[in-house]
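Below is one structure, written out as structure tokens, with a few remarks after it.
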Amino acid sequence: MTAVPHAYVEDLHRHVGQVVTVKGWLYNKRSSGKLHFLQLRDGTGVVQCVCFKGNFGEELFKQLDTLPQESALTITGSVKAEARAVGGHEIDAQSATIVSVAQADYPITPKEHGTGFLMEHRHLWLRSRKQHAILRIRARVQKAIRDFFDDRGFVCMDAPIFTPSACEGTTTLFPVEYFDETAFLTQSGQLYAEANAMAFGKTYCFGPTFRAEKSKTRRHLTEFWMVEPEVAYLELDGLLELIEQFLSYVVQCVVKDRRPELVVLERDIAKLEKIVPPFPRLSYSDAVDVLKGAGHAFEWGGDFGAPDETLISEKFDKPVLVHRYPAAVKAFYMKRDPQDPRVALCVDCLAPEGYGEIIGGSQRADDIQFLEEQIALHKLPMEAFKWYLDLRRYGSVPHSGFGLGLERTTAWICGTHHVRECIAFPRMLEKITP
Ligand code: 4AD
Ligand code: MG
């Protein structure tokens with residue numbers, strides 16, 4: 001007798017007409033006397049297994065009827081194409097093995113729960129369809145990010161997590177004891193990526209970054225993942241092109257490979273299909289005019305808040321590249337525009353549909369004297385930047401890079417209101433468990 005192969009639900013289309021075993025957990029069920037319809041989820045999808053009393057012993061059939069939600073079981077049966085079923089397939093069950101009977105009080109039931117309750121049960125909530133779909137999409141975004149850069153000759157060089165100083169301002173640093181010194185959790189790998197770019201030409205880092213954000217908004221986490229490419233000899237115009245190529249690639253990978261998940265999330269896929277180059281470009285000054293034109297009282301010189309970003313991005317159905325912000329509202333390392341030294345050669349990419357800034361980037365200052373002044377002006381410890389200034393001492397070249405936040409990008413692609421659902425175990429102000 002040949003062994004019955006284990007099949008994952010997402011692969012059932014390759015097994016139509018064959019007998020396979022699916023291994024998972026009971027998601028839902030209904031019964032009609034001689035038939036049980038068990039919905040089994042296995043991490044890749046959900047499949048309905050039709051259990052006919054005649055195929056099972058009396059006792060097992062009865063046990064299946066009372067099996068609590070999330071009990072673990074394996075089911076063997078033949079795979080049928082069934083257009084009306086979720087996922088398009090059904091299993092005509094021949095046998096079942098109960099692996100473990102769940103306690104009958106599974107906290108997450110089909111009824112509506114509040115987000116607070118669900119977040120406390122995040123370790124279980126991950127099993128629910130929408131959460132599962134969001135996190136599968138996140139993983140696809142992550143792979144697309146790596147593929148994009150790896151396939152174009154970027155060298156992946158991860159940056160340290162313990163750092164001696166700020167990259168993005170001193171107000172959001174998390175201090176940690178580091179033997180008899182104070183270190184900080186990294187806010188951005190950028191400064192290290194710049195060193196790597198001078199060694200490898202094209203490079204990126206991709207890892208967790210930390211910001212002691214006291215803001216409770218739908219866009220802020222204290223721990224989030226950021227990918228940061230950095231390229232030697234790249235200037236702002238080239239950076240804008242890199243951003244639109246990159247972001248379009250990522251979105252189209254999800255559209256191609258995660259359609260069922262987007263459907264679960266009721267995402268308007270047509271909106272994502274439109275995300276192809278070129279993206280609209282708008283200078284900060286023009287963006288200010290857009291705000292004023294819409295009746296907003298906004299003064300040139302301030303940073304955009306979330307409502308401003310929403311208003312600007314609503315004008316477009318693609319991400320918009322807003323460039324040349326006032327240098328005063330941006331980080332110390334940005335190069336000034338030689339045409340207008342009030343502004344930095346920088347770009348923020350604002351996602352459509354009110355998702356706000358998902359990318360921040362710039363051309364970097366390449367002049368050592370200017371950088372020294374900026375470090376002093378921003379009251380940063382010069383000593384900690386000695387190594388960084390070496391990059392300008394030894395073969396300084398124009399170079400540029402950006403950072404894309406994984407959770408904000410995933411939230412936009414999924415159409416998820418809050419970034420907290422776009423990471424398995426979110427860390428926020430007042431939230432560090434589970
Ligand atoms: O604009 P930011 O602060 O840029 C940097 O950190 C640069 N050093 C990047 C670079 O040029 N290499 O952050 C970049 C992106 C934002 O656009 C946003 O998507 C995300 O990181 N981000 C956050 N995501 C979630 N929660 C937070 N608190 C975030 N802060 C920034
Ligand atoms: Mg930013």
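In each ligand, atom 1 is the first atom listed, and ligand 1 is the first ligand listed. We're numbering straight along the sequence, starting at 1.
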Arg152 NZ/CZ over Phe148 ring centroid, <6.0 Å and within 45° of normal
yes
Just to be sure I'm reading this right: ignoring hydrogens, which of Arg211, His220, Gln190 gets closest to atom 6 (O) of ligand 1? Compare them by their nearest heavy atoms.
Arg211
Distance from atom 15 (C) of ligand 1 to nearest protein heavy atom, with residue and atom:
Gly403 O, 3.7 Å
Number the atoms of ligand 1 from 1 as they appear, then name those within less than 4.0 Å of a heavy atom of Tyr333, with their elements.
7 (C), 8 (N)
Before signing off on this row, confirm whether Gly405 and ligand 1 have an N or O atom pair separated by under 3.5 Å.
yes
Check: Phe246 ring centroid to Phe402 ring centroid under 6.0 Å:
yes
At less than 2.8 Å, would any N/O/S atom of Glu357, backbone or side chain, sit next to the Mg ion (ligand 2)?
yes
Do the two ring centres, one from Tyr106 and one from Trp25, sit under 6.0 Å apart?
no
Would you say CZ of Arg393 has more than 12 non-hydrogen atoms from neighbouring residues, nucleotides or ligands within 6.0 angstrom?
yes
Could you list the atoms of ligand 1 found under 4.0 angstrom from a heavy atom of Gly360?
1 (O), 9 (C), 10 (C), 11 (O), 17 (O)
For ligand 1, is there an N or O atom under 3.5 Å from any N or O atom of Ser362?
no
Compute the centroid of each ring, for Phe184 and then for Tyr178, and state whether the two points are separated by less than 6.0 Å.
no
So between Glu407, Glu168, Met334, Glu213, whose heavy atom ends up nearest atom 5 (C) of ligand 1?
Glu168
Can you confirm, on distance only, whether ligand 1 has an N/O atom lying under 3.5 Å from any N/O atom belonging to Ile358?
yes
When you measure from the centre of the six-membered ring of Phe224, is the NZ or CZ of Arg219 closer than 6.0 Å and no more than 45° off the axis?
no
Taking non-hydrogen atoms only, is Ile359 closer than 4.0 angstrom to ligand 1 via side chain, backbone, both or neither?
backbone
Please report whether the ring centroid of Phe385 lies less than 6.0 Å from that of Phe332.
yes
Closest to atom 9 (C) of ligand 1 by heavy-atom distance, out of Glu228, Glu223, Arg408, is Glu228
Near Ser188, which atoms of ligand 1 are under 4.0 Å from a heavy atom of that residue?
6 (O), 8 (N)
Charged tip of Arg30 within 45° of Phe37 ring normal and under 6.0 Å:
yes
Phe402, portion touching ligand 1 at heavy-atom distance under 4.0 Å
backbone
Is the NZ or CZ atom of Lys330 positioned over Tyr325's six-membered ring, under 6.0 angstrom from the centre and within 45° of the axis?
yes
Check each heavy atom of Glu357 against ligand 1 and say whether those closer than 4.0 Å belong to the side chain, the backbone, both or neither.
both
Nearest-contact summary for atom 14 (C) of ligand 1 - protein heavy atom, Å
Met226 SD, 3.4 Å
Which residue from Met428, Arg364, Glu230 reaches closest to atom 11 (O) of ligand 1 through any of its heavy atoms?
Arg364
Salt bridge or not for Glu372 and Arg392, using N-O below 4.0 Å?
no
of all protein heavy atoms, closest to atom 22 (N) of ligand 1 is Phe224 CE1, 3.4 Å
Does the cation-pi check pass for Arg218 over Tyr355, that is, NZ or CZ under 6.0 Å from the six-membered ring centre and within 45° of its axis?
yes
When you compare ligand 1 with Leu221, is there at least one nitrogen or oxygen pair between them that comes in under 3.5 angstrom?
yes
Contact check, side chains of Pro426 and Met119, non-hydrogen atoms, under 4.5 Å:
yes
For atom 25 (C) of ligand 1, the protein heavy atom that lies nearest, with its residue and separation
Arg219 O, 3.4 Å
